[in-house]
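Here the structure is laid out as structure tokens; the discussion comes afterwards.
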Amino acid sequence: MYVTPMMKQLIILMLFAVLAFSQSIDSETFSSLDREVAGLMDAWVNITEDRGDESFGLFMAGTAILRAEAALEVAILSNGETLPAEVLDSWTAYLKSSADCINVFKESVGSTHTASSEEILLASFARWETRGGEFLESVQSTR
């Protein structure tokens with residue numbers, strides 16, 4: 001069976017979710033991941049706005065990818081054992097949607113800028129925003 005890069009990252013995500021052992025999840029962990037994944041959309045806007053220097057846009061996109069991946073890794077390694085089950089489920093869904101955004105962004109940047117690649121990217125970001133909202137709602141409902 002061929003394992004795609006996205007499947008590999010999701011497998012690693014699940015493994016880390018099971019083996020999470022470092023600091024507990026806090027607002028800074030969520031905020032950092034949220035900010036860096038949102039930065040991918042900012043990078044996409046810079047790439048698509050044709051400012052005359054495509055290499056700078058690609059450099060910014062690469063930087064945004066590295067920052068988002070680092071924030072995702074910190075979030076994955078955060079210990080969620082103290083979270084209620086419903087909050088932990090929404091946190092895991094948020095992590096998965098963040099990983100999806102990063103992967104779709106990488107594929108979109110690496111391909112030619114077509115309307116379909118942008119639609120796929122926007123759909124991925126919409127799912128990510130929904131999952132982030134669901135996570136925040138689950139946290140608020142437990143207070």
Side-chain angles (χ1 to χ4, degrees), residues 1-83 86-142:
M1 178 174 132
Y2 175 72
V3 179
T4 66
M6 181 188 269
M7 289 171 57
K8 285 181 186 176
Q9 191 161 17
L10 286 175
I11 291 169
I12 291 170
L13 174 67
M14 295 302 290
L15 178 63
F16 279 130
V18 171
L19 299 174
F21 58 86
S22 67
Q23 67 186 26
S24 62
I25 298 169
D26 60 8
S27 60
E28 180 56 34
T29 304
F30 172 76
S31 297
S32 177
L33 179 58
D34 197 62
R35 178 180 55 249
E36 298 306 338
V37 174
L40 295 174
M41 184 53 82
D42 294 337
W44 181 256
V45 169
N46 284 331
I47 290 171
T48 57
E49 283 187 347
D50 189 28
R51 295 187 175 174
D53 188 4
E54 185 177 342
S55 62
F56 180 72
L58 292 175
F59 173 76
M60 295 303 292
T63 302
I65 290 168
L66 293 174
R67 292 174 59 105
E69 286 178 335
L72 179 61
E73 183 177 352
V74 169
I76 289 170
L77 294 174
S78 296
N79 186 352
E81 291 178 4
T82 59
L83 296 176
E86 63 274 6
V87 175
L88 185 57
D89 289 344
S90 64
W91 174 249
T92 303
Y94 179 70
L95 292 177
K96 288 178 184 179
S97 66
S98 297
D100 179 62
C101 275
I102 294 168
N103 285 323
V104 170
F105 181 79
K106 285 180 185 179
E107 292 173 13
S108 297
V109 169
S111 68
T112 58
H113 303 295
T114 63
S116 64
S117 67
E118 187 164 359
E119 285 177 23
I120 293 168
L121 181 63
L122 292 175
S124 178
F125 274 106
R127 287 189 301 271
W128 168 75
E129 286 181 333
T130 299
R131 296 288 183 247
E134 290 170 353
F135 170 68
L136 291 175
E137 286 175 19
S138 69
V139 170
Q140 290 175 348
S141 71
T142 61

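- Taking each heavy atom of G39 and A64 in turn, the nearest pair found is O-CB, 4.1 Å.
- S124 places no side-chain N or O within 3.5 Å of a backbone atom of I120 that could act as its donor or acceptor partner.
- The distance from the OG atom of S97 to the CD atom of E129 is 10.0 Å, given to the nearest 0.5 Å.
- With rounding to the nearest 0.5 Å, the separation of CG in L66 from CD1 in I102 is 10.0 Å.
- Closest approach of A38 to W128, counting heavy atoms only: N-CH2, 3.8 Å.
- Taking each heavy atom of I65 and L40 in turn, the nearest pair found is N-CD2, 3.8 Å.
- Between L72 and S98 the shortest heavy-atom distance is CD1-CB, 4.2 Å.
- Looking at residues two or more places apart in sequence or on another chain, you find a side chain to side chain contact (heavy atoms under 4.5 Å, CB included) between L121 and W44, V104, F105, S108, F125.
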Review item, side-chain donor-acceptor pairs of residues 30-37, under 3.5 Å, at least two apart:
| from | atom 1 | to | atom 2 | distance (Å) |
| --- | --- | --- | --- | --- |
| S31 | OG | S27 | O | 2.8 |
| D34 | OD1 | Y94 | OH | 2.9 |
| E36 | OE1 | R67 | NE | 2.8 |
| E36 | OE2 | R67 | NH2 | 2.7 |

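- Rounding to the nearest 0.5 angstrom, the gap separating the CG atom in L58 from the CG atom in N46 is 11.0 Å.
- Between the D100 side chain and the K96 main chain, no donor and acceptor come within less than 3.5 Å of each other.
- Applying the side chain to side chain contact (heavy atoms under 4.5 Å, CB included) test to L122 and every residue at least two apart in sequence or in another chain returns M41, E118.
- Heavy-atom minimum distance, R131 versus A93: CD-CB, 3.7 Å.
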